[in-house]
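So the structure is just underneath, and the comments pick up after that.
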2 protein chains.
Amino acid sequence: MKEGITNILKKSGLSLTDSRRRILQLFLESNNALAHADIEKLSSDQFDRVTVYRTLQTFVEKGIIHTIPSADNAVRYALCQDECSAGHHHDEHVHFVCDVCGATFCLQHTAIPQVQLPNGFKLRQVDVLASGKCNQCA
Amino acid sequence: MKEGITNILKKSGLSLTDSRRRILQLFLESNNALAHADIEKLSSDQFDRVTVYRTLQTFVEKGIIHTIPSADNAVRYALCQDECSAGHHHDEHVHFVCDVCGATFCLQHTAIPQVQLPNGFKLRQVDVLASGKCNQCA
DNA sequence: AAATATTTGCAACTCTGTTGCAAAATACTG
DNA sequence: CAGTATTTTGCAACAGAGTTGCAAATATTT
Ligand SMILES: [Mn+2]
Ligand SMILES: [Mn+2]
Ligand SMILES: [Zn+2]
Ligand SMILES: [Zn+2]
């Protein structure tokens, strides 16, 4: 796992720092999406707030994590599992938010359904945000 | 139109105040969703920031407007067109955000597609957030 | 028109996120 | 491996969004 972390950072051309290693580790260990606040708690005041923000920003730019839109307007982040690269994300999968535990999951194996737009509208991207009860809470 | 505004407020059991009349009017006049900032600009400092927040909150509670999730995490509001009541919203339609002009539309006549969830997950709601170019900007 | 209930505006506050800059850590070079 | 150049970090300060308590103003009820 330590290997994986270093590799991912190097592959993205990022210098190896404590905060980057630790935050990336948190994502690799978690099976659901993390918000900024989660990371601050989990890294228990090891790093400055600002460092966490900047690290997340960097990871998004490098295609390591992606942001997840949410109905409650709290930004969450999750590992990119497709082949995302710096500047180009390909994470058009369904996201699911559990009403009970609040956990947010990337449903990689759930197809994004077709959307019909009115005349004159040009589609670029579709985000699907499902909510309900997760398999733990149902 | 003045009639409509008064009626809507009365039907929801709300007292008739300048701010409520004005803000509701803005929604009726606009054909796309409005963010808090838009409303502040459009009502050009007629009302206090806090009043606008509270009015929007009240309208959401009463089922007059609904919030729209967005990828950029800026809350937008639009009139409920279905039969939403206090506490119960039924606005499961597709929302479209234009990449160019930023306008957000409720696509009432676009069907919400079917979503298949993994085993053990219970679906309650699906939000679809499409983006691209609107008919004005394409 | 007076009494009651609701809403407004203000001030103060919290929470989230950003920026500039000096100090510290990392990467590069010989 | 030490010395230098580059990048990243932490701090302080700031900006913006949203919330709350409370007295004054407005709306509703009688
Ligand atoms: Mn995802
Ligand atoms: Mn809508
Ligand atoms: Zn759950
Ligand atoms: Zn447009």
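The sequence lines fix the lettering, A, B, ..., with proteins before strands; numbering per chain opens at 1.
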Inset, instruction - Any chance you could measure A/His95, atom NE2, to A/Thr104, atom OG1, to the nearest 0.5 Å? - result: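 Answer rounded to 0.5 Å: 8.5 Å.
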Inset, instruction - State the NE2-CD distance between B/His93 and B/Gln81, to the nearest 0.5 angstrom. - result: 6.5 Å
Legend entry - Residue list, side chain to side chain contact (heavy atoms under 4.5 Å, CB included) with B/Gln116, at least two apart or on another chain: none
Legend entry - Closest non-hydrogen atom pair between A/Arg76 and A/Ala33, with its separation: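 Looks like CB-CB, 4.1 Å.
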Legend entry - Heavy-atom pair with the smallest gap, counting every atom of A/Cys134 and A/Cys101: SG-SG, 4.0 Å
Using whole Å, report how far [atom1] of [X] lies from [atom2] of [N].
X       : N      : atom1 : atom2 : result
B/Leu56 : C/dT8  : CG    : C1'   : 15 Å
B/Glu61 : D/dT19 : CD    : C1'   : 14 Å
B/Asp48 : D/dG18 : CG    : P     : 14 Å
A/Phe47 : D/dC11 : CZ    : C1'   : 16 Å
B/Leu9  : C/dT6  : CG    : P     : 16 Å
B/Arg20 : C/dT6  : CZ    : P     : 11 Å
A/Lys62 : D/dT8  : NZ    : C1'   : 14 Å

Legend entry - Phosphate-side-chain proximity, A/Ser19 and D/dT9, N/O vs OP1/OP2 below 4.0 Å: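 Answer is yes, contact under 4.0 Å.
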Legend entry - Pair listing, ring-ring contact (aromatic ring centres under 6.0 Å, His included) test, anchored in residues 19-56 of chain A, at least two apart: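 Only A/His36-A/Tyr53 qualify under ring-ring contact (aromatic ring centres under 6.0 Å, His included).
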So, [X] side chain and [Y] main chain: donor-acceptor pair closer than 3.5 Å or not?
X       : Y       : result
B/His66 : B/Ala78 : yes
A/Ser30 : A/Leu26 : no
A/Arg20 : A/Thr55 : no

Legend entry - Bend angle of the helix from C/dA1-D/dT30 to C/dG30-D/dC1, end axes from five pairs each (to 10°):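 For the helix from C/dA1-D/dT30 to C/dG30-D/dC1, the axes at opposite ends meet at about 40°.
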I'd like a list of close polar pairs between nucleotides 26-30 of chain D and the protein, N/O only, cut-off under 3.5 Å.
{"residue": "D/dT28", "atom": "OP1", "partner": "B/Leu16", "partner atom": "N", "Å": "2.8"}

Do any N or O atoms of the protein come closer than 3.5 Å to N or O atoms of nucleotides 12-20 of chain C, and which pairs are they?
{"residue": "C/dG17", "atom": "OP2", "partner": "A/Tyr53", "partner atom": "OH", "Å": "2.9"}
{"residue": "C/dG17", "atom": "N7", "partner": "A/Arg49", "partner atom": "NH1", "Å": "3.0"}
{"residue": "C/dG17", "atom": "N7", "partner": "A/Arg49", "partner atom": "NH2", "Å": "3.2"}
{"residue": "C/dG17", "atom": "O6", "partner": "A/Arg49", "partner atom": "NH2", "Å": "2.9"}

Compile the donor-acceptor pairs under 3.5 Å between side chains in residues 117-130 of chain B and protein atoms, sequence neighbours left out, one pair per line.
{"residue": "B/Arg124", "atom": "NE", "partner": "A/Asp99", "partner atom": "OD2", "Å": "2.6"}
{"residue": "B/Arg124", "atom": "NH2", "partner": "A/Asp99", "partner atom": "OD1", "Å": "3.2"}
{"residue": "B/Arg124", "atom": "NH2", "partner": "A/Ser131", "partner atom": "OG", "Å": "3.1"}

Legend entry - B/Gln57 and B/Arg54: CA distance, side-chain angles, deciding distance, side chain to side chain donor-acceptor pair (under 3.5 Å) verdict: CA-CA 5 Å; B/Gln57 236 172 253; B/Arg54 288 198 269 228; over 6 Å; no
